[in-house]
Structure formats: structure tokens, C-alpha cells
Amino acid sequence: MEYNPRDIEQKWKQYWDDHEVYKIENTSDKPKYYVLDMFPYPSGAGLHVGHPLGYIATDIFSRYKRLKGFNVLHPMGYDSFGLPAEQYAISTGQHPAITTENNINTFRKQLENLGFSYDWSREVRTSDPSFYKWTQWIFMQLFNHYYDKIADKALLISDLVKTFSTEGNKKVNAVCDEDTPSFTADEWNAMSEKEQQLLLLKYRLTFPEESYVNWCPALGTVLSNDEVKDGVSERGGYPVERKLMKQWAMRITAYADRLLEGLKTVDWPESIKDQQTNWIGRSQGASVKFGVEGHADKQIGVFTTRVDTIYGVTFMVLAPEHEYVAALTTPEHQDEIEKYQKWTASRSEVDRQAEKRITGAFTGSYAVNPFNGEKVPIWIADYVLAGYGTGAVMAVPSGDQRDWNFAKHFNLPIIPILDAQKNMDEAADATKEGRYINSGMINGMTYEEAVPTLINWLEEKGLGKGKIQYRIRNAVFSRQRYWGEPVPVYWKNEIPYLIDESELPLVLPQVDKYLPTETGEPPLGRAEDWKYTPTPGGESYPYELSTMPGWAGSSWYFYRYMNPQNDQEFCSQDAVNYWRQVDLYVGGPEHAVGHLLYSRFWNKFMYDLGLVPEEEYAKKLINQGMIQGVSKFVYRSFNHPNIYISYDRVSDDFTPEELKYLGVNSRDDLGFVGAGFHVDVNLVNEDSSLDIEGFRNWRSENKDAKFLLSSDGKYYCESAVEKMSKSKYNVVNPDKLVLDSNEIEGGKGYGADCFRMYEMFLGPVEVAKPWNTSGIDGVNRFLRKFWGL
RNA sequence: GCCGAAGUGGCGGAACUGGUAGACGCGCUGGACUCAAAAUCCAGUGUUGGCAACAACGUGUGGGUUCGAGUCCCACCUUCGGUACCA
């Protein structure tokens, strides 16, 4: 009997549905195994051949595990909040929920065509109120907790308040804002409600704050650091500028150390662990306070990883935005400093990265080195970043390349401090070799001896201490957008308060347009009656207008699959204690410092609250490589846009007949013949020749196109490997290969088995590779032989 | 610059802890079947020389360890991914 994949597949899919073959229970005598894919954003372009690579791998593995006697959780869902649906809504007026629903239906159908063994009864959608109710609930827990360094976990804010009212905050050791003052119980009790709430915001794990953010004017929203690449937005490639705005933030810094520690316990790719380690950027060093000459009330704190070089300090540099700059600038330097501040503020991220000139300005003031009382000039320069450390550095030109460059450029002194250092005229030498010279109390010591000596002295005098500094910043958690989870907060007297838990979910309101309001408020500002009434019949207060970022829902979705219909809890304790954690997680490496870091952070927080049993939610992670698209380009005449030249003839001379056919006098009449016009890959054959008829019908302006063909009578296109994307016309839809021509136009009818085997046959799952179907017939032959046998 | 991954036939890629390099597939060549084509089947296919048996050379480059290296060590080159005034 002939191999007929479509009949076989339809028959068995029907059987799976009728008998609920893949529906699984949260109880079983078998051992459990949880296989998870990163869920897709349901884009309008539908599923392309790259999506299923990881899904096929996990499906095969799930089936294997089932046969080995495991109870396997293998679910699928949709990360359905996101920018494209909203952009589409802005241009068409169509509600994002409708387009999202349509897109999900397409995805679902395409996934079903591939014969996956998902338990569809567990499907989740992050944009569904029954799902985001719990995203909002977790947000509320974050708001209600602070990070206690002694317990080394998150604890209730309400307990912190009790401590404040009985003993103040002197004994409290918690993660909080740098500028948190210390106070006694009496002082706390004497504060107004507003003052108390403002102080508590400095402790909460999520809180609004004025901060410099990546503002993208084209998208009309704020982006997180990992959403900005090379100074432009990752999505769309629009310019991003620094802007001071009030934003919700997540105190992920509180978990920096545990996020590092946890990496040692998971079986994840080295490259991902490495990226997370670098992103967290732990560096050990010391903080030192420098006095300021003539300003007895001021001290400049710096962070340094090389406190041993402190006798080599010859100047000090502040970030141009540093709060002391105005006060420290002497009248004769005021013009210059203000000019410099203006200039740096005007420079965009892109400018800064493109051109790294040595620039700076002298304030006219001097700092005092606490160790030797030396006066050193205070400069400002944009190589010092306001957002890292204290926004001020002690400059040691003999030990740091940038300081050396700066000193040379502005003719500042350079003091060698180690006998091993070479010629100070050449360049800095950040060595730790040798013994110290010109270095007061550490003269003659080695690095190992010098550091504790200095830190002890600093701590005794109260002028500094050993300190660990992290590169990671608190994560900005609000977006000036419509299509996201509303933040369950209302504002009263300029203070944010949580809405009552019984009001969840706080459902997205209807708006007339999806654009910011005329006054520049986020789209939710358009909603009527977007107000909260804490006490029935009492006064109402405005809700928060921003929504949560894309990574909110994806930070905990893996727990919802365990118990998706639960309306009492995010997931029952029975379910989470049965499934515990993901045993195998497969997804793209592009989420290394986004989703994969944020979700670990939320998980650790939920672990602290006793909501989940494992401190790391994914035991093993595998990154599947991206399947790239092979784009096709046509060459056309610059002067005559409807004349197309076959790729192999672009630099040829043409015969008189050819010129006549094209209707030009000479080759030169065509002008520049340039590529760059993407043509739909579905109009191009295996050998790169163009389906001319199809091309004429593709777009109306191509109807009268003239083609100069190759000697064999075909028109050839140029190829390039690029990311698969709708705009590049290089998206290949798996349906075309799986379904037959009765089901979809141009369907090849290979069937799901052939398609799945072929994707696995393409090469190792982890490796990126361009899509090509040249070998699919080999797999098809195998299946037919196998069927015959 | 720094961190990470990877370099094997015409192509995708195999080769587990050091033990017959190139499995399997694509492509290509020849043959069978057919009036013919497609499909299918059979055989061959790292490079060079040879009718052949066979020989020499072959895993980015140069060294090294070993009875034996694609695999281990050192130095370098190239490609891809990440990241970058982080004090």
C-alpha cells in the first residue's frame, strides 16, 4: 500500500482527540517529567519553519520519556501581549485582542498540522484576564515585600513597618535605595502617612522612581536595557534617548548574588550562564569617601576595585549629571562646566558609541585624599557614568588606561605606585605585581598585604569599607502602552497604593484610540472612569496609567501550565509540589539576559514566599539555533525600474537584439543596476531562477516588467542568508511542505512525519542554519521505504 | 578590546572515554526499467597517480605529547554569537 501521510495523520489525530491520549493528570504512580518550550508570540505572519525546530525536539523527547514510563507534562501556550498587535491596532483601529485571537487560531492550526503531543487543555495566554490576574497578583506580592539581608530573603513590608515603629531602621539590614535616611522609632511615628509611604517605597521590591530610562520616541515607550541594542530599539531599530521619567522598577539587584549562585546549580549552556554573569557584573572592591576643600559638609563617595592604588590618585572625575557639580563649580569655571554639561546631554547613545573622544571640564574645586591629605582637582567627564557606582571615580593614571589617557590629554600628573611599573610615559599598567612605592602606609607591601591594611584603616576611620558593586540595575517595569497587563495600583496624594486583592483581575479598559493622549499620557489615559474607589461610596482615585512590560507574563507562565484553570491560586500547592520544576527547557539564546534572567528572579522571590518548592525553575536548558531565511533579490535598472537583469548578466554587455527588446539605446541607458529588492522566496525555484509569471502577478507594478535572461533562458536571483521575517519576503510556512495541494495552494504533501524528521536531520538543534529543502526528498524516500517494509 | 562557541568531501553533517576519518542524507556519474520522461531500483563517488591491485596525501595553520590525535597540550588564523568608557 502506498504511503499516504495525510490520511494516516488525519486518522491518528482524530484518535488522539477522541481518546484524549495526551491529556495528563497531576497525579500518577509514574515519575514525573516536565518538558517545556519557550512559548511563541503569536505574530500575524504565522508560524514559520524556524519556530517548530525546538518544538519538534521537545515533542520527540516527550514521547520518548512517555515510552520510558514517565508522566510527562508537555504544554504549549502564547505570550500574547506585545507591540506588533498594538502597532497594528494604532494603524487600523482593530482591537489588539481581536488580532491576537485570530493569530492564535492560525498558530494553533499550524501546530496541530505538525502532530504535536501537547495537552491542549492546559493552553495558556498571557493576555487572558484569567492569566494576568495572577501576573498582577505576583506584582502585588512584590510591592508588599522587601529584601532582608540578614534573613537573605524577601519579607513582608508590614513586618518592617512594625520594626520601624518600635526601633526605627538603625538595626534593619535591608536592600534599599542609596539615599535612605536613618531614623528612630519616635521619628518614624511622628511622620505623616505620606512621609512613611515615601520611605517604604525605598524598600519595596517594586516601586515607582524617577530615573534615567531608555526612551524611544518612535515607539512612544520606555525600553529595558536588554531591549536596546547598539543605541537603537531591538524591535524596529528606532533611536533611543536617555530621559528622566517616573517609572515602576523591580529591585532585581536585591537578588544579584543569588542569581549568580543559582547558575552553579543548573545544567544550562555555558554561554548563557556567562552572559548572565557578565550582565550581573559583580565586582569586589571598596567605597572611599573623599573630602572636598572648602566644603566641610560634602564628601564624594567613590567605588574602586583597586583601593591599593589610592596613593596614585592625581585627580577625581564626576559624571556630568552628578548632584554636586553645581555646588563644586567655582565662578570662573561656571561657563565651561555648563557648556560641557549641555554638550553631553545633547549627545545620544549612538553618538557616544560612535565617537569616544577624550573630553571633560575642570570644576575649579579640589578633593582631599583621606590617606595623605593631598589635594586633587575635581573634573567632570562623560566617561564616568552617572548610573554606575556613585557616579564618581578616583582617577589613578598609573593604574588605569582611561585615567592615563585623560591625564595625558589634560596634562595632569601621573604618580607611579608599584616598583614593577614601567615607563609612565607609555601607557597605564594595571599590574598587581611588585611592591608599593610612593604609597604611605603600604610602602613595601604586596597587593595581598596592602588591600586589607587599607580597608581596615578606612573602616576604623569611618571613611569607607569593603564593598561589592554590581553592574546590573533595577529593571524598569512600566511601558507607556495599551496592550499589556494593567498595574494594579491607584494613586492617592501622589502615593501608589495597591487595589484590593478581591478586585483582581484589573481588566484592560476600552479606549477610543491606542495612541498616547494629547497631554502625553499613556493610552490608558483615554479610558473613561479609569478610577478606583477604595471604600464604597467614598472618593475615587486614578489608576496607574502604564502597563507591564512583555516579560511580566513570561516570568512565571511555566507554573500556570501545571494548574491552568485554577481561579483561587496562580497554581495549587498540590500541582506545584508534584511537578516542581521544568526538567528540560528549550528555546532561543536571544533571551539570555531578558526572559531567562527575569524569570529566575521572580522564581526566587516566589520561592522566598513559599509559593514554589524549587529555587531554580529550570533544571536543564538547551538553546535551539535559529533557522535563518534565504532571501532572494532581483536586480533592476535604476533608470528604468521595470527592466530586470538576470544576476549572472549584471556586468555583461548586451547584444543589439537585447537592447532592442529592452527598448534602450545602450547598456549605459540603464544606469546603475542595483540589487536590494527582496522578492518573495515562494516565487523562486530551487536553482534560484525566478517564476516570471508569478512575479508579474505578485504586485501590480510588475505587470509589464521586462526581463533580460541568462543564456539558458532563465532569470536568476541573488541569494543571501538573513533572519526570517515578513519584511524580507523570506518566510517559509511549514504548511506548504506538510499539507498537500488539496489543502493549501502549492502544498507539497510531505506530511508531518517527513517535515519533523527533516528538521531534525538538518543538523544539531543548537546550531543556527539557513533553511533549505534540498534534502527533504531523502527523508521522504526513507519514510516510503519504511512504510513499504 | 573582553567573554563564549565553532572550523571535517561539491553540500548538510557522523565519528561516544585518544584506536579503520568521512556514517546517514543531498548532489553528481554510470546502469536497469520506459517509446520517452518522471518516479523507482542497482553500482560508484575525499584528493592525486594508476586499466587495476595499490600507493601517497588528507579533519583551519604551525609546533608538541603518544605505539596511535578530528579528539589531548601550546601558539596563531578565520567565522559566528554576546558585550563594551562599569572605575
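Letters A, B, ... are given to chains in the order of the sequence lines, protein chains preceding strands, and every chain is numbered from 1.
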Participant: In whole Å, what is the span from the NZ atom of A:K467 to the P atom of B:A87?
Facilitator: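 After rounding, the gap between these two atoms is 13 Å.
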Participant: Between A:Y585 and A:K620, is there a cation-pi geometry (under 6.0 Å to ring centre, at most 45° from the normal)?
Facilitator: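 No, A:K620 and A:Y585 do not form such a contact.
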Participant: For the side chain of A:T344 and the backbone of A:Y340, is there at least one donor-acceptor N/O pair under 3.5 Å apart?
Facilitator: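 A pair under 3.5 Å: yes.
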Participant: Using the purine O4'-C1'-N9-C4 or pyrimidine O4'-C1'-N1-C2 torsion, is B:G81 syn (within 90° of 0) or anti?
Facilitator: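 Nucleotide B:G81 adopts anti.
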Participant: What is the distance, to the nearest angstrom, from the CG atom on A:D777 to the C1' atom on B:C24?
Facilitator: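 From A:D777 CG to B:C24 C1': 16 Å.
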Participant: Could you state the atom-to-atom distance from OH of A:Y758 to C1' of B:C26 in whole Å?
Facilitator: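 About 8 Å, once rounded to whole Å.
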Participant: Please report, rounded to the nearest Å, how far the C1' atom of B:G25 is from the CE atom of A:M760.
Facilitator: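 Nearest whole value for this atom pair: 15 Å.
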Participant: Taking the P atom in each of B:C51 and B:C41, what is the distance between them to the nearest angstrom?
Facilitator: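 Taking atom P in both B:C51 and B:C41, they lie 34 Å apart.
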Participant: Using a cut-off of 4.0 Å on non-hydrogen atoms, how would the nucleic acid contact of A:R473 be classed: base, sugar-phosphate, or nothing?
Facilitator: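 Base, at least one base atom sits under 4.0 Å.
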Participant: Determine the Euclidean distance between corresponding C1' atoms of B:A21 and B:U8; express it in Å to zero decimal places.
Facilitator: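 It comes out at 8 Å once rounded to the nearest Å.
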Participant: Given atom CH2 of A:W404 and atom C1' of B:G1, what is their separation to the nearest angstrom?
Facilitator: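 Atom CH2 in A:W404 sits about 17 Å away from atom C1' in B:G1.
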Participant: So what is the 5' to 3' dot-bracket string for RNA chain B, if pairs are Watson-Crick or G-U wobble with both distances under 3.5 Å, crossing pairs use [ ] and | means the partner sits on another strand?
Facilitator: (((((((..(((......[....)))((((((.......))))))((((....))))..(((((..]....))))))))))))....
Participant: Give the rounded distance in Å between these two atoms: CZ of A:F290 and P of B:A87.
Facilitator: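 Between P of B:A87 and CZ of A:F290: 16 Å.
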Participant: Provide the distance between the two P atoms, one in B:A56 and one in B:C3, to the nearest whole Å.
Facilitator: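 Those two atoms are separated by 44 Å.
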Participant: Calculate the interatomic distance between A:E766 atom CD and B:A6 atom P; express it in whole Å.
Facilitator: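 Whole-Å distance recorded here is 10 Å.
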Participant: Using nucleotides 12-16 of chain B, report all nitrogen or oxygen pairs with the protein that are shorter than 3.5 Å.
Facilitator:
from: B:G12; atom 1: O2'; to: A:L762; atom 2: O; distance (Å): 2.6

Participant: List in chain and number order the residues that pass salt bridge (Lys or Arg N to Asp or Glu O under 4.0 Å) with A:K723, two or more places apart in sequence or in another chain; answer none if no residue qualifies.
Facilitator: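 In terms of salt bridge (Lys or Arg N to Asp or Glu O under 4.0 Å), with neighbours along the sequence ignored, A:K723 is linked to no residue.
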Participant: With rounding to the closest Å, how many angstrom separate the P atoms on B:U71 and B:G19?
Facilitator: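 11 Å, rounded to whole Å.
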Participant: Quantified in whole Å, what is the P atom distance between nucleotide B:G70 and nucleotide B:G60?
Facilitator: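 To the nearest whole Å, 10 Å.
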Participant: Give, ordered by number, those residues of residues 778-785 of chain A having at least one heavy-atom distance below 4.0 Å to an atom of RNA chain B; if nothing qualifies, reply none.
Facilitator: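 Output list: A:G778, A:R781, A:R784, A:K785.
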Participant: Check nucleotides 78-82 of chain B for protein N or O atoms closer than 3.5 Å to its own N or O atoms and list the pairs.
Facilitator:
from: B:G82; atom 1: O2'; to: A:Q275; atom 2: OE1; distance (Å): 3.3

Participant: For A:D274 and B:C3, what is the distance between atoms CG and C1' respectively, to the nearest whole Å?
Facilitator: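 Going from A:D274 (CG) to B:C3 (C1'), I get 6 Å.
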Participant: Indicate the ring-plane relationship of A:F410 and A:F406, choosing parallel, tilted or perpendicular according to the 30° and 60° boundaries.
Facilitator: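 Ring orientation, 0 to 90° scale: tilted.
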Participant: Between A:I622, A:I56, A:N623, which is the residue that forms a side chain to side chain contact (heavy atoms under 4.5 Å, CB included) with A:V586?
Facilitator: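 Testing A:V586 for a side chain to side chain contact (heavy atoms under 4.5 Å, CB included) against A:I622, A:I56, A:N623 leaves exactly one candidate, A:I622.
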Participant: Of A:S283 and A:I776, whose closest RNA chain B nucleotide lies nearer the 5' terminus?
Facilitator: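 It is A:I776 whose nearest nucleotide is closer to the 5' end.
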Participant: For B:C86 and A:R402 - does any side-chain N or O of the residue sit under 4.0 Å from the phosphate oxygens OP1/OP2?
Facilitator: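 Yes, because at least one side-chain N or O of A:R402 sits under 4.0 Å from OP1 or OP2 of B:C86.
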Participant: Would you compute the distance between atom CD of A:Q284 and atom NZ of A:K467 and round it to the nearest 0.5 angstrom?
Facilitator: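 Answer rounded to 0.5 Å: 12.5 Å.
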Participant: Would you compute the distance between atom CD of A:E178 and atom OG1 of A:T390 and round it to the nearest 0.5 angstrom?
Facilitator: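 Reported value, rounded in 0.5 Å steps: 8.5 Å.
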Participant: Here's a test of your reading of the structure: between A:E270 and A:Y470, which maps to the more 5' nucleotide of RNA chain B?
Facilitator: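 Of the two residues, A:E270 wins.
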Participant: Which whole number of Å gives the distance between the P atom of B:U59 and that of B:C11?
Facilitator: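 It comes out at 15 Å once rounded to the nearest Å.
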Participant: Would you indicate, yes or no, if B:A87 has its OP1 or OP2 atom less than 4.0 angstrom from a side-chain nitrogen or oxygen of A:Y388?
Facilitator: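 For A:Y388, the contact criterion (side-chain N or O under 4.0 Å from OP1 or OP2 of B:A87) is met.
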Participant: Does anything in residues 755-784 of chain A form a salt bridge (charged side-chain N to carboxylate O under 4.0 Å, His left out)? List the pairs, not counting sequence neighbours.
Facilitator: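 Residue pairs passing salt bridge (charged side-chain N to carboxylate O under 4.0 Å, His left out), neighbours aside: A:D59-A:R756.
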